Amino acid sequence: MPEGPSIVILKEAVQEFIGKTVIRAEGNTKAIDLDLFENQTVVDFKSWGKHFLICFEHITVRIHFMLFGSYRINESKGVPPRFSLKFDDGELNFYACSVQLLNGSPDEIYDWSADVMNINWDAESAYLKLAAYPKVLICDALLDQNIFAGVGNIIKNEVLFRTRLHPLNTFSDLPESSKRELIEEAVNYSFDFLRWKKEFTLKKHWLAHAKSICPRDNVPFKKTYPGKTKRRTFYCEICQRFYGSVLPEI
DNA sequence: AGTAGTGTTCGGCC
DNA sequence: TGGCCGAACACTAC
């Protein structure tokens with residue numbers, strides 16, 4: 001569920017609720033006051049990276065699905081929802097997620113140019129952020145939500161494979177063309193992810209993530225937990241190039 | 001049946 | 001003060 005494209009799918013799936021008025025909010029969340037939503041009309045749904053926003057006139061709810069979160073539209077899972085909005089002709093149910101009230105308007109809080117799925121995404125801005133942290137490993141940089149909001153571990157692994165880059169490269173060690181390509185493919189793969197997820201063929205299209213053999217070289221992928229993020233990383237030592245002088249210890 | 005993981009925050013420790 | 005680490009959260013596919 002949780003990477004950026006999945007949140008875009010959710011946003012598209014709930015469009016029918018825009019303009020509808022909440023009869024009552026329920027749920028076992030302790031983070032917000034459920035009474036706030038009674039009689040509030042949904043003005044919009046937004047997303048920023050992995051954040052899903054439900055916008056009312058004066059307040060906005062932020063849902064983050066973390067690793068295990070899920071949702072149901074006009075049905076329920078049969079377990080108590082963390083947060084639920086009841087309308088006279090429908091309902092939205094959210095499970096095992098983080099629920100928060102936004103402390104201000106979305107435009108004040110979010111840098112839309114950092115969201116790889118957003119129309120306002122700005123590759124140049126990402127480039128400047130990466131250049132400002134030249135020593136950060138690219139396996140960590142891809143997961144940095146301030147640079148690539150919406151990119152998660154699957155997208156990370158696939159982007160590194162597509163661009164033939166070793167996860168332990170630093171940004172500054174990359175040739176200029178690879179720097180640009182890394183940023184471009186973070187966006188390209190995110191939109192491929194979106195398309196394949198809608199077709200229910202995402203997994204089938206994985207080339208590196210959770211795979212054991214490199215499809216280019218027919219050798220086993222390395223599986224490690226590198227960098228500060230220590231997230232599961234699959235890479236091929238033959239085709240994914242390292243440009244630094246000394247390969248860092250994992 | 002047990003385990004690992006599409007993620008993030010927080011508190012403790014050095 | 002700050003960086004690092006582990007725990008917590010809570011679900012389910014394999």
Side-chain angles (χ1 to χ4, degrees), chain A residues 1-11 13 27-32 47-53 61-72 75-84 93-103 109-111 114-117 133 135-137 139-162 167 185-212 221-235 248-250:
Chain A
M1 160 82 243
E3 298 196 28
S6 299
I7 306 302
V8 171
I9 290 170
L10 165 58
K11 187 169 62 177
N28 56 24
T29 176
K30 290 170 194 163
I32 56 174
S47 64
W48 181 87
K50 302 162 191 170
H51 297 207
F52 175 63
L53 307 178
V61 180
R62 192 206 81 174
I63 309 275
H64 196 301
F65 292 94
M66 320 280 269
L67 259 190
F68 311 128
S70 62
Y71 63 87
R72 292 291 187 275
E75 60 181 26
S76 75
K77 284 183 75 171
V79 296
R82 176 64 43 78
F83 184 63
S84 169
N93 295 308
F94 302 96
Y95 305 88
C97 53
S98 156
V99 183
Q100 284 182 19
L101 216 52
L102 227 56
N103 191 18
I109 290 166
Y110 291 105
D111 171 10
D115 178 359
V116 294
M117 306 299 289
Y133 301 102
K135 301 300 183 199
V136 172
L137 304 181
C139 61
D140 289 332
L142 280 167
L143 293 174
D144 186 334
Q145 299 300 294
N146 290 311
I147 304 175
F148 297 108
V151 170
N153 206 37
I154 297 170
I155 296 173
K156 176 197 79 177
N157 281 319
E158 293 296 317
V159 168
L160 291 171
F161 183 72
R162 269 191 179 185
E185 285 307 321
V187 176
N188 287 343
Y189 190 83
S190 294
F191 281 95
D192 286 340
F193 184 126
L194 175 64
R195 193 174 71 250
W196 291 328
K197 183 93 178 172
K198 284 178 177 174
E199 295 170 351
F200 304 102
T201 62
L202 178 64
K203 252 186 217 192
K204 186 181 94 182
H205 284 92
W206 288 348
L207 298 177
H209 183 78
K211 308 298 281 187
S212 51
F221 275 118
K222 289 289 170 188
K223 179 187 171 191
T224 62
Y225 295 77
K228 289 190 193 301
T229 48
K230 292 184 163 54
R231 299 298 303 283
R232 191 165 63 134
T233 302
F234 300 86
Y235 63 98
E249 293 293 318
I250 289 168

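These numbers come from a predicted model, not from an experiment.
Contact annotation for A:Lys30: no contact, since no heavy-atom pair falls under 4.0 Å across all strands.
Within the 4.0 Å cut-off from OP1 or OP2 of B:dT6, at least one side-chain nitrogen or oxygen of A:His209 is found. Residue A:Arg231 places at least one side-chain N or O closer than 4.0 Å to OP1 or OP2 of B:dG7. For C:dC5, the OP1/OP2 oxygens have a side-chain nitrogen or oxygen of A:Lys230 closer than 4.0 Å. The side chain of A:Lys50 contributes an N or O atom lying less than 4.0 Å from OP1 or OP2 of B:dT8. Proximity of A:Lys228 to the phosphate of C:dC4: a side-chain N or O atom is located under 4.0 Å from OP1 or OP2.
Distance from the side chain of A:Lys203 is smallest to C:dA13 among C:dA13, B:dT6, C:dA10. Of all nucleotides listed (C:dT12, B:dG7, B:dG5), B:dG5 comes nearest to the side chain of A:Phe68. Nearest to the side chain of A:Phe193, among C:dC11, B:dT6, B:dG7, sits B:dT6. In the set B:dG5, B:dG7, C:dT12, C:dT12 carries the atom at the smallest distance from any side-chain atom of A:Lys77.
Between the side chains of A:Arg195 and A:Thr201, not a single donor N or O lies within less than 3.5 Å of an accepting N or O.
Between A:His51 and A:His64, the two ring planes are perpendicular [angle over 60°; tilted spans 30° to 60°]. Between A:His205 and A:Trp196, the angle of the ring planes stays under 30°, which puts this pair in the parallel group of the 30/60° scheme.
The aromatic ring centres of A:Phe161 and A:Phe221 sit less than 6.0 Å apart.
Across all strands shown, C:dC5 forms a Watson-Crick or G-U wobble pair with B:dG11, both key distances being under 3.5 Å.
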